[in-house]
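Only one structure is covered here, and it is reproduced in the block below.
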Amino acid sequence: MENVTVLIVGAGPAGLATAACLTQFSIPYVIVEREDCSASLWRNRAYDRLKLHLAKEFCELPHMSYPVDAPTYIPKALFVKYLDDYIVRFNIQPKYLTSVESSTYDNDNKCWSIVARDMVESTTINFSAKFLVVASGENSAENIPVISGLDSFSGEAIHSSRYKSGKSFSGKSVLVIGSGNSGMEIAYDLATHSANTSIVIRSPIHVMTKELIRLGMTLAHHLPLNLVDNLLVMAAKFIFGDLSRNGITMPKMGPMMLKSKMGRSAVIDVGTIGLIKKGIIQVQGGISKIMGNIVKFQSGDEISFDAIVFATGYKSTTNIWLKNGESMLNDNGLPTKDYPNHWKGENQLYCAGLARRGLASIAADAKNIANDIKSVIASMSG
């Protein structure tokens, strides 16, 4: 049995940020990670052309800024280097290839009992922790929707986590399912690599430029969100025109309010809209079924595809191993409380990076958690 003060589950940006904040207060912790590296989503499951969609001032982890010469929008490779430097700066030493299998609260001893597996040695490790921080991410497992006939598809079907570049799809007909930032950017990447590209857009989305989002996030500190939203929507209509004729409708709720209330991000255009308007990328509605390499859409159209890319996001797997976490997480493994009060449950249970607000909220989560743990420790010793 390893007795620890704080156990952090997950060595992605949220776990690393929490570790750094605890270090600032000299609070001991152990951080475990089931993969063989930190931030595996960024290192191994992100496409080549990815950049942070938000300006760098909204994407810093606590207590360490980006280099002064870093670009406004950080590319994937530079962000990974930033995380590596962060690990060195705060002497963070994750226990890699250590997978948490169960975690329960021990009422008698007032601590968390955690069972983990050393995946290298195939041995069990038991932890007893006064504080437990869930930082395993909302992007733990691939989310593939149930589509009638998908198992009959004769082409290549992959999740976006396995997509790297459009080079290997040149000359092929490819359907992208999912119209969030990843789906729209992958569609652009495919089209610019000469793939015959279609994208499924079923739900209303806000389309913005990265400059508009940066402006909105800055103004949100000084103006009411509904006013900021009105300005953004007006500017977006001026820039992109009426997209409904291209099969893209706009939500009734504004982009900043939608992010605040629902955790849904606006799509930041990287050039996809221009290609849609030119007819280079085709917009499709919902899918009825798949028959071999033929996809039948709800419009009645039937189109043949060589490949399908599912840009349909991820789901949390926290509830598989976390027991007694009902005070903090719902059945989907996401916080039960609204932002910004989502990060704390009962019995010294915390979560970082689960607010569906990306890197922008991770720093706040980590600081809040470390401050709370510090005050609880102080009250225990007092």
Side-chain angles (χ1 to χ4, degrees), residues 34 40-41 44-47 99 136-164 166 168-169 172-190 195-206 247-249 251 258 261-267 272 276 281-322 325-326 329-336 354 356 358:
R34 69 179 182 183
S40 64
L41 180 68
N44 303 328
R45 293 189 280 164
Y47 45 93
S99 177
S136 47
E138 59 197 62
N139 299 330
S140 300
E142 300 171 358
N143 181 46
I144 302 285
V146 176
I147 299 174
S148 176
L150 176 58
D151 56 351
S152 75
F153 184 66
S154 51
E156 182 182 7
I158 63 169
H159 188 266
S160 59
S161 60
R162 290 168 51 206
Y163 179 92
K164 296 301 178 185
S168 59
F169 295 97
K172 296 181 179 180
S173 292
V174 186
L175 177 65
V176 179
I177 299 177
S179 55
N181 277 300
S182 293
M184 294 290 262
E185 188 160 2
I186 286 170
Y188 177 82
D189 190 52
L190 285 163
N196 182 13
T197 308
S198 296
I199 184 168
V200 171
I201 302 180
R202 295 185 307 156
S203 304
I205 54 173
H206 283 290
I248 301 172
T249 57
L258 196 62
K261 298 288 187 184
M262 310 295 291
R264 283 177 53 196
S265 298
V267 169
T272 313
I276 288 173
I281 296 175
Q282 300 294 320
V283 173
Q284 305 293 343
I287 296 172
S288 294
K289 61 181 176 179
I290 297 174
M291 305 163 289
N293 65 338
I294 303 292
V295 177
K296 184 174 182 179
F297 296 94
Q298 290 171 359
S299 63
D301 292 343
E302 296 184 4
I303 304 174
S304 173
F305 291 99
D306 301 305
I308 298 175
V309 180
F310 287 95
T312 43
Y314 298 83
K315 51 192 174 185
S316 170
T317 57
T318 303
N319 282 340
I320 294 174
W321 56 265
L322 177 65
E326 303 84 4
L329 302 180
N330 61 23
D331 291 342
N332 295 320
L334 296 172
T336 56
L354 291 181
R356 294 183 296 176

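Just so it is clear, the values below take in all heavy atoms, side chains as well, and ignore hydrogens, waters and symmetry mates.
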Would you indicate whether the side-chain heavy atoms of [Y] and [X] approach each other to under 4.5 Å?
X	Y	answer
R45	S40	yes
V295	I147	no
W321	S136	yes
I144	H159	yes
F310	I158	no
I205	M184	yes
S265	N181	yes
V200	V176	no

Original post:
What orientation do F305 and F297 show, parallel under 30°, tilted 30 to 60°, or perpendicular over 60°?
Top reply: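 It falls in the perpendicular class, over 60°.
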Subject >> E185, K164, R162 screened by side chain to side chain donor-acceptor pair (under 3.5 Å) with Y47, the one that passes >> reply: E185
**OP:** Please step through side-chain contact (heavy atoms from CB on, under 4.5 Å) for the pair N319 and L329, ending with a clear verdict.
**Re:** CA-CA 8 Å; N319 282 340; L329 302 180; 4.3 Å; yes
Which distance, rounded to the nearest 0.5 Å, do you find between the [atom1] of [X] and the [atom2] of [Y]?
X	Y	atom1	atom2	answer
L354	T318	CG	OG1	6.0 Å
N293	S152	CG	OG	9.0 Å
M291	S154	CE	OG	11.5 Å
I248	S203	CD1	OG	12.5 Å
R202	Q284	CZ	CD	13.5 Å
D189	S182	CG	OG	11.5 Å

**OP:** State, without any angle test, whether T312 and N143 hold a side-chain donor-acceptor pair at a distance under 3.5 Å.
**Re:** no
Original post:
Is it true that the side chains of S161 and E142 contain a donor and an acceptor less than 3.5 Å apart?
Top reply: yes
Subject >> side-chain contact (heavy atoms from CB on, under 4.5 Å) partner of L175, chosen from L190, N196, V309, I287 >> reply: I287
Subject >> Check against side-chain contact (heavy atoms from CB on, under 4.5 Å), F169 and T197 >> reply: CA-CA 10 Å; F169 295 97; T197 308; over 6 Å; no
Considering all heavy atoms of both residues, which atom of [X] and which atom of [Y] are nearest to each other, and what is their separation?
X	Y	value
I294	S304	CD1-CB, 3.8 Å
A187	I199	CB-CD1, 4.1 Å
P251	L258	CG-CD2, 4.1 Å
I290	G292	CG2-O, 3.5 Å
I201	S179	CG1-CB, 3.6 Å
G183	A311	CA-CB, 3.4 Å

**OP:** Go through the steps for K315 and L334 under the test side-chain contact (heavy atoms from CB on, under 4.5 Å), then give the verdict.
**Re:** CA-CA 9 Å; K315 51 192 174 185; L334 296 172; over 6 Å; no
**OP:** Starting from the C-alpha separation in whole Å, work towards a yes-or-no answer on side-chain hydrogen bond (donor to acceptor under 3.5 Å, both in side chains) for N330 and T336.
**Re:** CA-CA 5 Å; N330 61 23; T336 56; over 6 Å; no
